[in-house]
2 protein chains.
Amino acid sequence: MVKETNIQTAFQEVMAASGNIPPKQKQVLAASLSLFAEKGFASTTTKEIAERAGVAEGTVYRRYRTKDELLAGVLAPFMTDVLPKLVSEFAEKVVGQTYSSRHDLVATVVNDRMQFVVANQSVLRIMVTEILVRNDLRDQTISRMVPLLKQNLYPVLDHLKAIGELVDWPNDRIAQFMIGTMLTQLVRSTLTNEDVTSAATLIIKFLEKGLAPE
Amino acid sequence: MVKETNIQTAFQEVMAASGNIPPKQKQVLAASLSLFAEKGFASTTTKEIAERAGVAEGTVYRRYRTKDELLAGVLAPFMTDVLPKLVSEFAEKVVGQTYSSRHDLVATVVNDRMQFVVANQSVLRIMVTEILVRNDLRDQTISRMVPLLKQNLYPVLDHLKAIGELVDWPNDRIAQFMIGTMLTQLVRSTLTNEDVTSAATLIIKFLEKGLAPE
DNA sequence: AAGAAAGGTGAGCGTTCACTCACTAAAAGG
DNA sequence: CCTTTTAGTGAGTGAACGCTCACCTTTCTT
């Protein structure tokens, strides 16, 4: 079984890797994460972060010297650890098994990646919001994601096309439809407070039919 | 032919309806719209709005007494005019014609509604961003949209199911897949600066297959 | 134990923000 | 014409913001 990755464990790995991060600094990162997700980066004040973290305001500025650096610090483990693992775990799960039907294939992928979305909901929310507004973060995310997808995902899709399990469309469009359909469910769940996984069965059927060979 | 609706014409209608709105107030609304879309509501200052509108800062506060009211003023015509027309035009286009095939049906709808998305791109961007962060705006939008969809869209979907042109899934899920697939294209276009309508053909095929009866 | 290094503090700094107000200019009404 | 109303101005205001720094406390090093 492939190990699951989420932002909490990634944070701990980063903390373990770069020496012992003091507990109050972890509290600052955790408080920033939750506040940015709740009310957005621009509307969150450093005073609020200090209050929720239970530290003085000066402590917020010990490791990261500006509020922008703090945002980068919150998103960094996600960009360097979580995102690559998201894609490579996906590839492993798909190629590492022989599926008896296309249904099994799509079902495994959707169930698995939607659990990932749930586990990293708060960070994904920050990224979506800030990407819509900050050009630098947008460019950075794209330049990381594109090669990641090309190396890990596209060969798998090519393989599935070859064995007649997938429609012969450009890989970027297939990825768009799969990722988009799953993210749509995340957005809907955010709006209505319903369970993210409640529609998994229909999402699987929809993708299975929509991406079947013509 | 059904009339197209976009935010510019809706603004003009609102201005005509509520007496003559002075030109400088129009400039304030237009400047707010573009700035909120560019850098988000929280990161836009009233001084910037005044500068882009070519007015003094006091003028910004003549009609709307707070920055929050200004946001509401920008979104109001969209909520009261554009959104209802978006849904009712959709219903008219689908029921007002007899289609020779499901392909024609989906193609008409997708092409038409994606043009709408293009025409109202900037406002949609503000709404998506602010809805993720502001509870009041989220609730307001949902409480407007849900009855709108139930009255206009759901009967059409039921009709299509009855004549065997649509899969027998809950209406809210079908709406989710259609709207989600189109909005995904908007997000992608925003990220990569590609033409929003470039993938129309594949989107039509994808939805046509995914929503076909089982 | 003593010194050095790192972590943590919070009052306070300069700046910028949303917003105000006394005032002028223009338009509307009689 | 004069009066009243509406539109517009921009310097100014208090509050809140991001951020600093001199100082204190804890932990490491030898």
Side-chain angles (χ1 to χ4, degrees), chain A residues 11-12 14-36 38-75 126 129-130 133-134 136-137, chain B residues 11-12 14-36 38-75 126 129-130 133-134 136-137:
Chain A
F11 257 135
Q12 285 162 358
V14 169
M15 286 161 187
S18 64
N20 274 347
I21 290 188
K24 296 213 171 181
Q25 298 295 337
K26 295 183 190 176
Q27 291 165 29
V28 168
L29 283 172
S32 305
L33 177 62
S34 61
L35 278 167
F36 292 163
E38 275 171 36
K39 33 190 297 184
F41 174 75
S43 304
T44 301
T45 70
T46 51
K47 194 185 172 195
E48 284 174 312
I49 294 170
E51 273 169 14
R52 181 167 296 190
V55 302
E57 209 175 337
T59 308
V60 174
Y61 285 89
R62 178 141 291 266
R63 181 165 298 264
Y64 304 101
R65 289 171 313 185
T66 65
K67 201 183 155 195
D68 272 0
E69 276 186 29
L70 184 57
L71 173 64
V74 169
L75 295 180
I126 301 174
T129 312
E130 294 306 318
V133 146
R134 300 170 69 96
D136 54 337
L137 186 61
Chain B
F11 259 135
Q12 285 164 356
V14 169
M15 286 160 187
S18 63
N20 275 346
I21 290 187
K24 296 212 172 182
Q25 298 295 337
K26 295 183 191 178
Q27 290 164 29
V28 168
L29 284 172
S32 304
L33 176 62
S34 62
L35 278 167
F36 292 163
E38 275 170 35
K39 34 189 296 184
F41 173 74
S43 304
T44 301
T45 70
T46 50
K47 194 185 171 194
E48 285 174 311
I49 295 171
E51 273 169 13
R52 181 167 296 189
V55 302
E57 208 176 337
T59 308
V60 175
Y61 285 89
R62 176 142 292 266
R63 180 166 298 265
Y64 304 101
R65 288 172 314 186
T66 65
K67 201 182 152 196
D68 271 2
E69 277 186 28
L70 183 57
L71 173 64
V74 169
L75 295 181
I126 300 175
T129 312
E130 295 306 318
V133 148
R134 300 170 69 96
D136 55 336
L137 186 62

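Quick note on labels: first sequence line is chain A, next is B, and so on, each numbered from 1. Quick caveat, the model's predicted, so the values are computed rather than measured. Atoms considered below: every heavy atom in the structure, side chains included; atoms not considered: hydrogens, waters and symmetry mates.
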For [X], report the nucleic acid contact type (base, sugar-phosphate, nothing); a contact means any heavy atom under 4.0 Å.
X: B/Thr45; answer: sugar-phosphate
X: B/Val55; answer: sugar-phosphate
X: A/Thr44; answer: sugar-phosphate

Check nucleotides 19-21 of chain D for protein N or O atoms closer than 3.5 Å to its own N or O atoms and list the pairs.
unit_1: D/dC19; atom_1: OP2; unit_2: A/Tyr61; atom_2: OH; d: 3.2
unit_1: D/dC19; atom_1: OP2; unit_2: A/Lys67; atom_2: N; d: 2.6
unit_1: D/dC19; atom_1: N4; unit_2: A/Glu57; atom_2: OE1; d: 3.3
unit_1: D/dC19; atom_1: N4; unit_2: A/Glu57; atom_2: OE2; d: 3.0

Please tell me if the side chains of B/Leu29 and B/Tyr64 come closer than 4.5 Å, counting only heavy atoms from C-beta onward. yes
Which residue lies toward the 5' end of DNA chain D, A/Phe41 or A/Arg62, if each is placed at its nearest nucleotide? A/Phe41
All side chain to side chain contact (heavy atoms under 4.5 Å, CB included) counterparts of B/Ala42, not counting sequence neighbours: A/Ala42, A/Ser43
For the pair made of [atom1] in [X] and [atom2] in [N], what is the distance, rounded to whole Å?
X: B/Arg63; N: D/dG8; atom1: CZ; atom2: C1'; value: 13 Å
X: B/Tyr64; N: D/dA7; atom1: OH; atom2: P; value: 12 Å
X: A/Ile49; N: D/dC17; atom1: CD1; atom2: C1'; value: 12 Å

Measure the OG1-CD distance between A/Thr59 and A/Gln25 for me, rounded to the nearest 0.5 Å. 7.0 Å
Using the ring-ring contact (aromatic ring centres under 6.0 Å, His included) rule, collect all pairs that involve residues 40-63 of chain B, keeping only residues at least two apart or in two chains. B/Phe36-B/Phe41
Salt bridge (charged side-chain N to carboxylate O under 4.0 Å, His left out) pairs, two or more places apart, involving residues 45-55 of chain A: A/Glu38-A/Arg52, A/Lys39-A/Glu48
5'-most to 3'-most nt of DNA chain C touching chain B (<4.0 Å, heavy-atom partner on protein side) reads C/dC17 to C/dT20
By side-chain hydrogen bond (donor to acceptor under 3.5 Å, both in side chains) - contacts of A/Thr129 (at least two apart): none
Using the test side-chain hydrogen bond (donor to acceptor under 3.5 Å, both in side chains), find all partners of B/Thr44 that sit at least two apart in sequence or belong to another chain. none
Could you walk me through whether A/Arg134 and A/Leu71 pass the side-chain contact (heavy atoms from CB on, under 4.5 Å) check? CA-CA 12 Å; A/Arg134 300 170 69 96; A/Leu71 173 64; 3.9 Å; yes
